[in-house]
Amino acid sequence: MSNIALMLTERAGRRPEAVAIAEPLPKRSSGEKRSYKTITFRELDAESDRIAAALIGSGVRPGMRIVLMVRQGIDFISLVFGLFKSGATLVLIDPGMGLKPMIRCLAEVELDGFAALSPVQAVRVLLGRRFPKAKHNLTVGRRWFWGGLSLAEIRKQPDPGSITVERAWDDPAAIIFTSGSTGAAKGVLFTHGIFRTQATEIQRQLDIQEGEVDLAGFPFFGLFNAAMGVTAVIPDMDSSRPGWVDPRNILEAARDWKIDQSFGSPALWNRVIDHCLATGERFETLRRVVSAGAPIAAMMLERLKRCLPPDAEIYTPYGATEALPVSLISASEILSETARKTAEGAGICVGTPFESISWKVIAITEEPIGRLDEAKECPNGEIGELIVSGPQVTTEYVTRREANALAKIVDADGRIWHRMGDVGYLDAQNRFWFCGRKSHRVETAAGPLFSIPCESIFNRHPKVFRTALVGISAESGKFKEPALFVECFPEQRPKTEAEKTELLAELRELGRGSPSTAAIERFFFLDTFPVDTRHNAKINREQLAVLAAGGK
C-alpha cells in the first residue's frame, strides 16, 4: 500500500516518544521564556487515526475532496495525515491570493467538504450555493449552527486503532493550487506516489537524518518532517507573510530547540540576516539551511553564511508546484564558481537534477506540444524552455484543464513531461542556468532579452538591492521597448534629484558594458517591488509592466 500516511506510522513505530511537532504558545510578557505545545510521533499517529475514523464514520469516502484551511501547527499537520489516512483528497490553497480568487478556485474544484477554522466555516455557509457538494465538514474551533464534526470532540474519542485506507501509488492524494503569481491559479493533482518520492528524494539528497530538528518556516515542509522522522518546530510567525517575520522569534526557536536545519523563503532569511548582522547574534547549532521560492542572490548567501556556524551549508532547491524537487545547488558551489558568471549575465545556475529527474531544453514556443518528438531540443549553451519528467512530476491540472495542453508533453513511452515555463540553458556538466520566466522575456526588434541575465548586470551596483526587466508595448505592437525597475537598499535610496540623476547615469553606464543590456534606456525607481503572496520573494513583473506602461 502506498498511502503517504504510512510513512508517519513507520516513524512512530521507531521513535514513538520523540517530539514530532513543537508549536509556540503566546507570551504574556516580552521577557517571559517561550513555552511550547508538543506532540510525539506516537500521539500524532494516534490523533490522525482518530481524525480518519471520524471522517470515515461521517461518510467521507476515498477520493472526496476536502479543503484544509487551518493555521500552521499541530492541528494542521494532524488533519493532513488524518485526511490522507481516510483516503480523502486533500485540497490546499494559499489564502494570500485574495478572497475572490480563492473562492473562485475552491468553487472550481467542486469540494466535498471543509476542514477549517470557525470563521471559514461561517463563510462557507454564507456562500453555500458556490459549494453545493460540501456536505462533509470538520470545524477547528467553536462549532456553531452548521453541524458536522469538531476537532475538539474528535480528540475526546477513544483510540480506534490503526486506520489507513488503502491507496495505490497513482491514486489522488492532494490538489494544491499554484500561487497565481504568473497567471490564473490552477489546481495541481498530487498522487500518493508523488508525495512519497518527494519525501524520500529530499531526505536522500540533503542527507537529512531521522531525529534531526527542523525549524519549519514554510507549512508544507512540516509535513515532510513528519514523514522523515524529523522534529518540526513551528516558529511564531504568519506563514502567509514570511517577509514580515520577527527575526527574534526565529532565533529564539532555534536556541530553544537546538535546531539542525531550517527551511524558509529568501524574504524570511533577508529579515533574519539584517537582524543578525546588526546585533551580532548568530545561529549556534544550525547546520543546514534550505531556501526556495525565488532566485537567491550570491550576496545574500554570503551574508547568511556569516550568521551560521563555519561548517553550515545553504542549499537552494529548484522546482515548481507542478514539479518539486527538480535540482539542487549549494551556496559553496555558487560562491566559489557560478556567482561570478551570474554577475556577468550568464543566468543563475540551479545545479544538477535529482537522480529521479530527466530534463531537456527545447526551442521556445507559445504553442502546445502534443508529443515530445514534435519539440526541437536545444544544444548545450542555447537558451530555450526547460521541460522535466520524473516520479515527482505531476501529470495534470484538475481545474483550468485547458492549461494541460500548454503545460504537458507525452513521449514515446507514455511518460509525461512538464513544461516549467522557465527559460535557460544546460552546460557541459548538465547544470541548468535559469534565465527567467518564459513569459517575462522581452521581444525587441534586436531579439529577445531575458530577465535574469539583464538584471544581473545592474544588480552589481552596490546601491541596488534588485532590478526587474519589463517590456513596454511599442506603437507597432510587434516588439516591445525594454525598461528596468530598480529597488535600492533602503539606506541607499537617492534622497535628492541630483543623487537620482547620478545613480541613473551609473546604471546606464553598467548597461552599456554588456551587449544584452546596452539598449535599455528607460529606468523606473520603486522603494519596494510587488512580490508573490506565497514566498514574498518572486517579483511581480506583470504588475510592474502595467506601471511602466502608465509612466511612458
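In this text, all values refer to a predicted model and were calculated from it rather than measured experimentally.
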Would you please say whether a donor-acceptor pair under 3.5 Å links the side chains of Asp238 and Trp244? no
Does a salt bridge link Arg303 with Asp274, judged by any charged N lying under 4.0 Å from a carboxylate O? yes
Smallest separation among heavy atoms of Val326 and Val388, with atom names: CG1-CG1, 4.0 Å
Nearest heavy atoms of Ala254 and Thr285, plus distance in Å: O-OG1, 4.2 Å
When Leu149 is tested against each of Thr139, Val60, Ile51, Leu55 for side-chain contact (heavy atoms from CB on, under 4.5 Å), which residue passes? Leu55
Donor-acceptor contact below 3.5 Å, side chain Asp49 vs main chain Ile163: yes
So Glu32 and Lys27, salt bridge (charged side-chain N to carboxylate O under 4.0 Å, His left out) or not? Walk me through it. CA-CA 6 Å; Glu32 180 185 16; Lys27 287 183 176 181; over 6 Å; no
Using the six-membered ring wherever Trp is involved, compare the ring planes of Tyr318 and Phe434 and label them parallel, tilted or perpendicular (cut-offs 30° and 60°). tilted
Does any N or O in the side chain of Arg431 come within less than 3.5 Å of the main-chain N or O of Val350, such that one atom is a donor and the other an acceptor? no
Find the distance between OG1 (Thr352) and CD1 (Ile357) and round it off to the nearest 0.5 Å. 11.5 Å
Would you say the side-chain atoms of Asp236 pair up with the backbone N or O of Pro24, donor to acceptor, closer than 3.5 Å? no
For a quick check under 3.5 Å, do Ser332 and Glu313 share a side-chain donor-acceptor pair by atom type? yes
Is the backbone of Ala168 close enough, under 3.5 Å, to the side chain of Asp171 for a donor and an acceptor to pair up by distance? yes
If you count heavy atoms of other groups shown closer than 6.0 angstrom to CZ of Arg306, is the number above 12? yes
Taking the side chain as C-beta and beyond, is there a heavy-atom pair between Trp257 and Tyr36 under 4.5 Å? yes
Heavy atoms of Val67 and Leu106 approach each other most closely as CG2-CD2, 3.8 Å
Taking Thr40's backbone N and O only, do any of them form a donor-acceptor pair with Glu43's side chain (distance below 3.5 Å, no angle check)? yes
Closest non-hydrogen atom pair between Ser179 and Ala185, with its separation: C-CB, 4.5 Å
Look at the side chain of Arg271 and the backbone N and O of Pro247, then say whether any donor-acceptor pair between them is shorter than 3.5 Å. no
Does a side-chain N-to-carboxylate-O contact under 4.0 Å join Glu284 and Arg255? no
Would you call Arg288 and Asp311 a salt bridge, using N to O less than 4.0 angstrom? no
I need the single residue from Arg50, Lys85, Arg15, Arg14 that forms a salt bridge (Lys or Arg N to Asp or Glu O under 4.0 Å) with Asp45. Which is it? Lys85
Donor-acceptor contact below 3.5 Å, side chain Gln203 vs main chain Met228: yes
Of the non-hydrogen atoms in Ala226 and Leu44, which two are nearest, and what is the gap between them? CB-CD2, 4.2 Å
I'd like to know whether Lys360 forms a side-chain contact (heavy atoms from CB on, under 4.5 Å) with Leu372, so could you lay out the CA-CA distance, the side-chain angles of the two residues, the decisive distance to 0.1 Å, and finally the verdict. CA-CA 10 Å; Lys360 299 176 183 289; Leu372 188 59; 4.0 Å; yes
Quick check on Lys258: does its NZ atom have over 12 non-hydrogen neighbours (other residues, nucleotides or ligands) under 6.0 Å away? no
Measure from the side-chain N and O atoms of Gln198 to the backbone N and O of Leu324, and report whether any donor-acceptor pair falls under 3.5 Å. yes
So, Asp112 and Lys135, do they make that salt bridge, N to O below 4.0 Å? no
One pair to check against side-chain contact (heavy atoms from CB on, under 4.5 Å): Leu138 and Ile154. What are the steps and the verdict? CA-CA 10 Å; Leu138 187 159; Ile154 290 171; 3.5 Å; yes
For a quick test of reading the model, state the closest non-hydrogen atom pair linking Ala184 to Thr178 and the distance between them. O-OG1, 4.2 Å
Go through the steps for Leu286 and Ser262 under the test side-chain contact (heavy atoms from CB on, under 4.5 Å), then give the verdict. CA-CA 8 Å; Leu286 182 55; Ser262 183; 4.2 Å; yes
Kindly say whether Ser2 contributes a backbone atom to a donor-acceptor pair with the side chain of Arg167 at under 3.5 angstrom? no
Stepwise, does the side-chain contact (heavy atoms from CB on, under 4.5 Å) test hold for Thr316 with Leu328? CA-CA 6 Å; Thr316 61; Leu328 187 75; over 6 Å; no
Residues Glu252, Arg34: salt bridge by 4.0 Å N-O rule: yes
Can you say whether the rings of Phe283 and Trp269 are parallel (under 30°), tilted (30 to 60°) or perpendicular (over 60°)? perpendicular
Carboxylate-amine/guanidinium proximity below 4.0 Å for Glu212 and Arg287: no
Stepwise, does the side chain to side chain donor-acceptor pair (under 3.5 Å) test hold for Trp417 with Asp411? CA-CA 7 Å; Trp417 291 72; Asp411 68 15; 3.0 Å; yes
Verify, without hydrogens or angle tests, whether Arg65 (side chain) and Val91 (backbone) share a donor-acceptor contact under 3.5 angstrom. no
Taking atom types as modelled, is there a side-chain donor on Thr394 or Glu322 under 3.5 Å from an acceptor on the other? no
With salt bridge (charged side-chain N to carboxylate O under 4.0 Å, His left out) as the criterion, how do Lys156 and Glu153 come out once you've worked through the C-alpha distance, each side chain's angles and the decisive distance to 0.1 Å? CA-CA 5 Å; Lys156 297 175 184 177; Glu153 292 179 358; over 6 Å; no
What do you reckon, is CD of Glu355 surrounded by more than 12 foreign heavy atoms closer than 6.0 Å? no
In plain terms, say whether Lys408 and Glu396 are close enough for a salt bridge, that is, a side-chain N and a carboxylate O under 4.0 Å apart. no
Using the salt bridge (charged side-chain N to carboxylate O under 4.0 Å, His left out) rule, take Glu17 and Arg42 through it: C-alpha gap first, then chi angles, then the decisive distance, then the call. CA-CA 6 Å; Glu17 302 309 318; Arg42 176 184 56 79; 2.8 Å; yes
Quick check on Trp169: does its CH2 atom have over 12 non-hydrogen neighbours (other residues, nucleotides or ligands) under 6.0 Å away? yes
Would you please indicate yes or no on a ring centroid separation below 6.0 angstrom for Phe131 and Phe114? yes
Test side chain to side chain donor-acceptor pair (under 3.5 Å) on Gln209 and Asp207 and set out the steps. CA-CA 6 Å; Gln209 300 299 312; Asp207 193 28; 2.7 Å; yes
Residues Glu108, Arg400: salt bridge by 4.0 Å N-O rule: yes
Checking side-chain contact (heavy atoms from CB on, under 4.5 Å) between Phe177 and each of Thr321, Val109, Val188, which is the one that passes? Val109
For the residue pair Phe195 and Phe84, categorise the inter-ring angle as parallel (less than 30°), tilted (30 to 60°) or perpendicular (more than 60°). tilted
Quick one: do Arg248 and Glu281 make a salt bridge, cutoff under 4.0 Å? no
Is the closest side-chain donor-acceptor distance between Ser78 and Glu47 under 3.5 Å? yes
Side chains of Tyr397 and Leu189: closer than 4.5 Å at any heavy-atom pair? no
